[in-house]
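Data first, discussion second: the structure below is written as structure tokens.
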Amino acid sequence: MSKLLAATRILPRRFYGAETTTVARSLIGCVLRHGETSGMIVETEAYLRDGDRASHFWRGITPRTKVIFGPPGHAYVYFVYGMHECFNVVTEPDGVPGAVLIRAIEPLTGLAKMATRRYGSRDGIPSLHALTNGPAKLAEALAITRAHNGCRLDQGALTIRQWRSSEPIEIDITTRIGVSHSEDLPLRYVWKLNPFVSRQAIHRSADPSLF
DNA sequence: CAATAGATCATCT
DNA sequence: GATGATCTATTGC
């Protein structure tokens with residue numbers, strides 16, 4: 001076991017029972033690990049109970065959203081676009097819905113395995129950051145599937161660990177990616193200037209030279 | 001670099 | 001029957 005992983009400790013269940021926005025922000029800098037593969041969380045999005053039409057659960061409990069209404073600290077994994085799976089953590093107390101989508105990680109261990117899962121046995125990967133800079137990309141790289149839906153994150157093969165960073169992490173808050181409702185809510189948390197985020201936290205402008 | 005098309009199916013109306 | 005918390009390849013400037 002590497003020193004890197006030995007220095008981490010699994011987040012307790014109560015960590016996830018807090019407000020969804022707090023959990024989303026606090027997860028930045030933590031380590032998501034599945035077996036030999038792991039990465040540092042650099043980008044998250046909060047999905048809320050109140051006033052958030054972009055969430056999967058704003059209409060209430062369905063077979064798919066059932067786990068989101070359950071106790072915190074469990075995985076919510078959903079399938080979209082006929083081919084992609086994305087990983088969330090369930091937040092808020094039991095009975096209160098809330099979820100945080102993990103949008104990007106910085107690869108830490110098991111790089112070769114991740115590359116094989118993403119690109120097969122062909123040699124050479126496009127780039128390191130392209131390995132895990134998107135919710136469906138990191139799920140594939142870490143082999144997180146719908147089979148993990150509802151599993152606990154404080155025990156078993158799929159865990160999230162705290163990381164003692166020597167320096168405080170600078171976090172940018174932006175609107176969320178790819179949503180077509182509640183687009184203006186500032187619920188995306190990105191590690192400022194980290195090259196492994198899915199998109200820069202830079203605003204778009206008609207004049208790119210302004211940036 | 002930016003914009004767009006196509007892949008492809010579970011979920012809910 | 002429409003839509004989607006996406007990704008990749010391709011086209012266009």
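Everything numeric in this text was worked out from a predicted model, so none of it was measured. In the text below, chain A, chain B and the rest are named by the order of the sequence lines, each starting its count at 1.
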Geometric cation-pi criterion, A/R176 with A/Y47: 6.0 Å, 45°: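 Yes, A/R176 and A/Y47 form such a contact.
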Quiz item: cation-pi between A/R146 and A/F79, 6.0 Å / 45°: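 Ring-cation test returns yes.
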Does the side chain of [X] get closer than 4.0 angstrom to OP1 or OP2 of [N] through an N or O atom?
X      : N      : answer
A/S180 : C/dA5  : no
A/R146 : B/dT11 : no
A/H84  : C/dC7  : no
A/R103 : C/dT6  : yes

A/R14, CZ: over 12 other non-hydrogen atoms inside 6.0 angstrom: no
Whether over 12 other heavy atoms sit under 6.0 Å from A/D94 CG: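 Result for CG/A/D94: enclosed.
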Heavy atoms under 4.0 Å, any strand shown: does [X] hit a base, just sugar-phosphate, or nothing?
X      : answer
A/R176 : nothing
A/R53  : nothing
A/A54  : base

Distance in Å, A/L32 CG paired with A/T132 OG1, rounded so as to fall on 0.5 Å steps: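 The distance works out to 10.0 Å.
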Rounded distance (Å) that lies between atom [atom2] of [N] and atom [atom1] of [X]:
X      : N      : atom1 : atom2 : result
A/H129 : C/dT8  : NE2   : C1'   : 14 Å
A/I68  : B/dC12 : CD1   : P     : 10 Å
A/F87  : C/dC7  : CZ    : P     : 16 Å
A/Y78  : B/dC12 : OH    : C1'   : 16 Å
A/I61  : B/dC12 : CD1   : P     : 12 Å
A/L138 : C/dC7  : CG    : P     : 8 Å
A/M83  : B/dC9  : CE    : P     : 8 Å
A/K137 : C/dT8  : NZ    : P     : 5 Å

The side chain of [X] is closest to which nucleotide in this list: [options]?
X      : options              : answer
A/H181 : C/dG4, C/dT6, C/dT8  : C/dG4
A/Y81  : C/dA5, C/dT6, B/dT13 : C/dT6
A/R118 : C/dA5, C/dC7, B/dT13 : C/dC7

Identified stems (criterion: three or more consecutive Watson-Crick or G-U pairs, under 3.5 Å), DNA chain B: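 Correct response: B:1-7 with C:6-12, B:9-12 with C:1-4.
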Main-chain N/O of A/E36 paired with A/T109 side-chain donor or acceptor, under 3.5 Å: yes
Side chain A/E45, main chain A/R103, donor-acceptor under 3.5 Å: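 Such a contact is absent between A/E45 side chain and A/R103 backbone.
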Exercise: do A/R188 and A/T174 side chains pair donor with acceptor under 3.5 Å: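 Side chains of A/R188 and A/T174: pair found under 3.5 Å.
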Face-to-face stacking of A/F79 with B/dA10, centres under 5.5 angstrom, angle under 30°: no
